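Input: a single structure, listed below in structure tokens.
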Amino acid sequence: MYIEKYKEVYCKKIGTDSTNEILKRSYEILEETLDENRQPNKQTGLLVGKVQSGKTSNFLGIIATAFDKEYYDTVFLVGGIDNDLLRQNEERVNEVFDDISDDRGYMTCAVFSSASIKSEKNNLNQNRFFQGDNNKVIITILKNSRHFSDILDLINNNPLIWSKRKVLIIDDEGDQGSLDGNANTKKDGPTKWNETINNIRNSLTHFSYIAVTATPYANVLIDTYDNLSPKFIKLTYPGQGYSGLSVFHSDEGNERYVRIVPDEEAERLRDSDNQNDSEVQNIEKSLEEALSFFICSSIDLLMKKQKYTKSEMLLNIVRVKNDHKIIKKRLDKFLIELRKGIDDYFNDKKDIEKLWLFEFINKGFKILYDRKIDENGDYDFLERFKYAVQDVNSFIINSSPGAKRLNESSIKNKHVIYIGSDLLSRGVTISNLIVAYIIRDTLLGKNNADTILQRARWFGYRDKIINNMKIYTTEKIANHYFDIWIMENNLWEYLERIDLEGLSCEELIDKIFLELPTSELRPTRRNVADVREVAIKSWSIQRKYHETKNIELDYFEKISEEAKIEQFGTRTFRVKEYSNWNNFCSESHIDSYIINKVLAKREQVVFEGSWEEKPVKVVLMQPQSGANSMRSLGTDDKFTLHAQGANINVDYTDQNNYFGDSKIDLYDSNKGKVIIQIYKIDFKDKSKNEIAYGLYIPSLSVSGYVKNR
DNA sequence: CGAAAGGGAACGTTTAACCC
DNA sequence: GGGTTAAACGTTCCCTTTCG
């Protein structure tokens, strides 16, 4: 009955094949949530799909299947971090589940919202939908403390009822808010939302939990012992006509769809609030171009397809709400001038400001048609331009009192520009989006890959309008999307092994490696997941004083005699080579001292891969022994080991230069070898003849992040 | 050549945005 | 106005360069 209704709605939307595919997968996914007695297994699963690829359709299919097969009778749909997102989900839920009745005409499914739980709590448990076996309930829940605790109260209010319900918890955007934001901080206990979610789970007798997201980086990187660490992972593949990272942000995509905003212009736009309020500034050139393209492209669509009656543009510049106001002022001022310009042109005052007007139109026109507009030949276009400009309007989308909400019915204009940031970042669908002007960036520090990717509201089923789309952004952000594309490809390949080959999720998720070619991005918020960067830095050096054992001194003395002389640039060192790590260990017996001394808390040694098979070279770093020089120790017994840095002017292609203590690995004779530097140092406040180490492990060909535990 | 200064990244704290 | 999260801000720490 539920599957039938789902088919009824979705065959129309996405076709019979896609609908059947989703339902088939829904069944597979639900199987993962059941134990050997076909009861909910109280575990966490992860459902991953691309940004704007139809994840909602997928989990609605899961709900329909869960109800029809009687695996579950209750769904908690944790549907979003803000009201816009929740409402969008509620509308989609109601489309399928709002009006389902049995043979006798009785409703069999009720949809509640967490917003009404508190007021109805006392009689909700008496509601007939919570009684009997055949009644199904969906409760949509906002990610908000009060809403979460209302749900918890509801359950604790009547434990008898709830011990019988079989609850499927679906956590939409499950990487945001639900995970413990204190996991990697010094704060006591988990974050509020995470705590309450776990309390809800603990209060239920029969439940399973599915987190749904396009950016699962946090979910796969959290501690495996965390309740929310996934025990199974399923992928949902986008259907025909989907455009995402590979379309917009591959080499080719960048060329075709991305227009670069110069850094100075981005800077000025982000700095809008520093401008004098009484004097509204003009808009930047790149924004003018984006606006021109938006209008011209809208006209092009209207001429080609009668069906497209609306077009949308997104402006995501800064977070601060006051800045949205200023940006709107600047934009509106420009639009007024534009309207006046085109009106004057048609009111037989053709010469007035004509140059300026045509220059503006050509900015977008040239991109679309690769030629300038022809005043006579394109008269039709010009006329349409006049009407289009009259119907362009901008709206601020944020939580301010006067601001609009996305897709609000009061927005009746044909060509709509949304100005905002937080509420335009995650989950929301902007179906007629053709131009995005997105330069929001962290001013200091690194961006998070998941946050950046979730801002890509231009992804989706865009194949019919894609030739009319452009993304305006800075070079830095464009590069971020390219890098995230690489990370996504790798991650999906990895997750497919879990999904398709049936390999153990638990084992693979512990070894998860997120390839990020840049260290300007981290995969997710650092407070949520404890990760370390690998293969970017291959040197691990001793930073703290450790007492030296005799065995270390003995080895040093032994080597001093056996070692051969080698020249690194201008300097002479004594070195000894071994065929691999094991050979070195069996002769020296000091490997454990090296590892212990070198591996301070934040070390970044790469122990992955086959580095232990590589040749080992020991380098004695005190060529002039007996020098009258003593090191002093800082607080906490810290000291500097790599004293000799490279000169800034050193030419690293000339092997006759000394590159510096930390760049010994750059000499041809050291390539591909594990290098152990042994320093013999005297400390002012400690006994003499102390041994300290530096360790270099040849880097892997890729760089990225792994779990830190 | 050792040690300290200087610059930049990591880390811990505060702020802005959002909900009710 | 209180409660919460994510992001911006400001301080500390580490690495490289420069100074004596």
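Computed from a predicted model, the values in this text were never measured in an experiment. All chains are named by letter (A, B, ...) in the order of the sequence lines, taking the proteins before the strands, and each is independently numbered beginning at 1.
- Protein atom CD of A/Gln454 is 18 Å distant from nucleotide atom P of C/dT5, rounded to whole Å.
- Contact annotation for A/Lys321: backbone-only contact, meaning every heavy-atom pair under 4.0 Å involves sugar-phosphate atoms and none involves a base.
- Note: A/Tyr667 and A/Phe568 have parallel aromatic rings, judged against thresholds of 30 and 60 degrees for the angle between ring planes.
- Whole-Å rounding puts the A/Asn184 CG to B/dA10 C1' distance at 12 Å.
- For A/Gln176 and C/dT4, the CD to P distance is 17 Å, given to the nearest whole Å.
- Atom CD1 of A/Ile317 is separated from atom P of C/dA8 by 15 Å (rounded to the nearest Å).
- Between A/Asp172 and A/Lys55 no salt bridge is recorded (no basic side-chain N to carboxylate O distance below 4.0 Å).
- Of the candidates C/dA6, C/dT5, B/dC20, the closest approach to any side-chain atom of A/Arg146 belongs to B/dC20.
- In this model, no donor atom of one side chain and acceptor atom of the other lie less than 3.5 Å apart for A/Asp175 and A/Tyr217.
- Contact check, A/Arg525 against B/dC11: no side-chain N or O comes under 4.0 Å of OP1 or OP2.
- Residue A/Ile81 contributes atom CD1, which lies 15 Å from atom C1' of B/dC20 at whole-angstrom precision.
- For B/dC19, neither phosphate oxygen OP1 nor OP2 lies less than 4.0 angstrom from any side-chain nitrogen or oxygen of A/His147.
- For A/Trp458 and A/Tyr472, the ring centers are positioned 6.0 Å apart or more.
- As judged by a 4.0 angstrom heavy-atom cut-off over every strand, A/Arg440 is placed among residues touching the sugar-phosphate backbone only.
- Among the protein residues, A/Gly181 comes within range of no part of the nucleic acid, since none of its heavy atoms lies under 4.0 Å from any strand.
- In this structure, CG of A/Asn194 is placed 16 Å from C1' of C/dG3, rounded to the nearest angstrom.
- One finds a side-chain N or O of A/Asn83 lying less than 4.0 angstrom from the OP1 or OP2 phosphate oxygen of B/dC20.
- Spacing between atom CD1 of A/Ile396 and atom C1' of B/dA17 amounts to 15 Å, rounded to whole angstrom units.
- The phosphate of C/dA6 has neither OP1 nor OP2 within less than 4.0 Å of any side-chain N or O from A/Asn448.
- With hydrogens and angles left out, the side chain of A/Arg526 and the base of B/dG12 share a donor-acceptor pair within 3.5 Å.
- Residue A/Thr451 places at least one side-chain N or O closer than 4.0 Å to OP1 or OP2 of C/dA7.
- At the phosphate of C/dT5, OP1 or OP2 sits under 4.0 Å from a side-chain N or O atom of A/Thr191.
- Summarising the geometry, atom CG belonging to A/Leu695 is positioned 9.0 Å from atom CD belonging to A/Gln677; distances are rounded to the nearest 0.5 Å.
- Per the geometry, CZ belonging to A/Arg522 stands 14 Å off P belonging to C/dA6, to the nearest Å.
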